[in-house]
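All values below come from the heavy atoms of this structure, side chains included, with hydrogens, waters and symmetry mates left out.
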Amino acid sequence: MTTHAQPHKSDKYIRVDGTNFSINQISASGQCFRMTEQEDGSFQVIANGRRLRLKQEQPSYQTPSPYQAQSPSQNQPQTSGDELSTSKEFQKNSVILMDCSEEDFQTIWKSYFDLDTDYSRFLTSIDPDDTYLRSAVAYGHGIRILRQDLWEMIISFIISQQNNIRRIRKCIETICTHYGTKIDPTNDTDTCSDSFYLFPTPEQLATATEEEFRALGLGYRSRYLVETARSIVSGEVSLDALRQMDYPSARAELLKLCGVGAKVADCICLFGLHHLEAFPIDTHIRQVLTAHYPDGFPFDSYAGYEGVLQQYIFYYDLNSGH
DNA sequence: GCCCAGGACCTAT
DNA sequence: ATAGGTCATGGG
């Protein structure tokens, strides 16, 4: 029973314009943890109560053999050398293939991937004299801020603290398989219909004890998870209320949760509530700010989408080696 | 063995 | 208010 290896039938896929949209970059940008690259170079993401398979068609001159097994040097930038000119070519020619219906794309995934937002206006708004920011933005031009589930972001970024991305993914997958709903795809002629697990609901996660979490390797964050699940299930903090709040109110409300400090609250606001003005400052960002912006980062120049720039910077600092 | 990873909590001042 | 110590786990 082969689970992968065969190229998917192209008639199952819908085609989507990939302007300023790189699955590779989004997957490696540290904002989502359940988007994974497959052996054949395609990706899958589990979100919105289902699994989506997708892949990106590169311009033919860059990838001569599309189905050749690519070396899993996962964070290879699509642009080589200095980016500004080549990235434009890449944007124009890129197409995303998604294995969903046109209706699911319109009602679910279009919003999830934030395809209604024009990211070119972010890219072109950068101060020409800010060479660092220009390089960062050019390097990560395919990044978008996904519209992910609020509850999943709360738990994911509590786990993220003082942790590395590989282990964050592992921890999240562990709690999904232990507490989330198992989905067995009803076989629809696809060879890739292995089962998967949804992210656990607050009620599902609240059944766990701190000892169970510790036994699963979640470490000192186990208490935070128990306390936070309890706070949400009890209604002490309301997810629906959070969704109605503006950024300052939501941030203040999130700080009531155990294990949520300033940085994690900003990540939740940015990735779970799509408050693009949230600017999470972690160890990487802090180092960049002190090294490249000794007189302060020009927040006022980018009011309303500071968080988008933060994500370009984070990805650039994490993956470019600069 | 040490240091770091998308930090936050607890306690003492 | 703010500074320092502590917290699990895994990989380099």
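If you take CD on A:Q161 and OH on A:Y224, they are separated by 5.5 Å, rounding to the nearest 0.5 Å.
No contact: A:I281 has no heavy atom under 4.0 Å from any strand. A:F271 comes within contact range of at least one nucleobase, with a heavy-atom separation under 4.0 Å. Residue A:E227 is classed as having no contact, given no heavy-atom separation below 4.0 Å to the nucleic acid. Looking at heavy-atom distances under 4.0 Å, A:R214 makes contact with sugar-phosphate atoms alone, never a base. As judged by a 4.0 angstrom heavy-atom cut-off over every strand, A:S156 is placed among residues making no nucleic acid contact. When heavy atoms are screened at a 4.0 angstrom cut-off, A:G217 is found touching the sugar-phosphate backbone but no base atom. Residue A:L270 is out of contact with every strand shown, counting any heavy-atom pair closer than 4.0 Å.
In this structure, the nucleotide among C:dG11, B:dA5, B:dG6 sitting nearest to the side chain of A:F314 is B:dG6. Here the nucleotide nearest the side chain of A:V264, chosen from B:dG6, C:dG10, B:dA8, is B:dA8.
If you find the closest nucleotide of DNA chain B to A:R223 and to A:Q161, the one lying nearer the 5' end belongs to A:Q161. In terms of position on DNA chain B, the residue among A:L255 and A:Q310 whose nearest nucleotide sits closer to the 5' end is A:Q310.
Below 30°, between 30° and 60°, or above 60°: for A:Y179 and A:F213 the angle between ring planes is above 60°, a perpendicular geometry.
Regarding A:I165, its CD1 atom lies at a distance of 16 Å from the C1' atom of C:dT9, rounded to whole Å. Between A:K263 atom NZ and B:dC9 atom P there is a gap of 13 Å when expressed in whole angstrom units. In this structure, A:R251 atom CZ and B:dG7 atom C1' are separated by 13 Å, rounded to whole Å. The nearest whole Å value for the distance from the CD1 atom in A:I168 to the P atom in C:dA8 is 18 Å. Following rounding to the nearest Å, A:I268 (CD1) and B:dA8 (P) show an atom-to-atom distance of 9 Å. For the pair A:L218 CG and B:dG7 C1', the interatomic distance rounds to 16 Å; values are reported in whole Å. Following rounding to the nearest Å, A:I154 (CD1) and B:dA8 (C1') show an atom-to-atom distance of 16 Å. For the pair A:D266 CG and B:dA8 C1', the interatomic distance rounds to 14 Å; values are reported in whole Å.
Rounded to a whole angstrom, the distance from the P atom of B:dC2 to that of C:dT6 is 15 Å. Rounded to the nearest Å, the gap between the P atom of C:dA8 and that of B:dC10 is 13 Å. Nucleotides B:dG6 and C:dG5 are separated by 24 Å at their P atoms, to the nearest Å.
Between A:T283 and B:dG7 there is a side-chain N or O to OP1 or OP2 distance below 4.0 Å.
Residues A:F21 and A:R144 meet the side-chain proximity criterion, which asks for heavy atoms closer than 4.5 Å.
Annotation: cation-pi geometry satisfied between A:K55 and A:Y13 (NZ/CZ under 6.0 angstrom from ring centroid, within 45° of ring axis).
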**Study point:** Residues A:R230, A:E236; criterion salt bridge (Lys or Arg N to Asp or Glu O under 4.0 Å); working and verdict
**Key:** CA-CA 8 Å; A:R230 201 155 304 182; A:E236 178 187 339; over 6 Å; no
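Both geometric conditions, a ring-centre gap below 5.5 Å and a plane tilt below 30°, are not fulfilled together for A:Y224 over the base of B:dA8.
Checked by atom type and distance alone, the side chain of A:S222 pairs as donor or acceptor with a backbone atom of A:G219 at under 3.5 Å.
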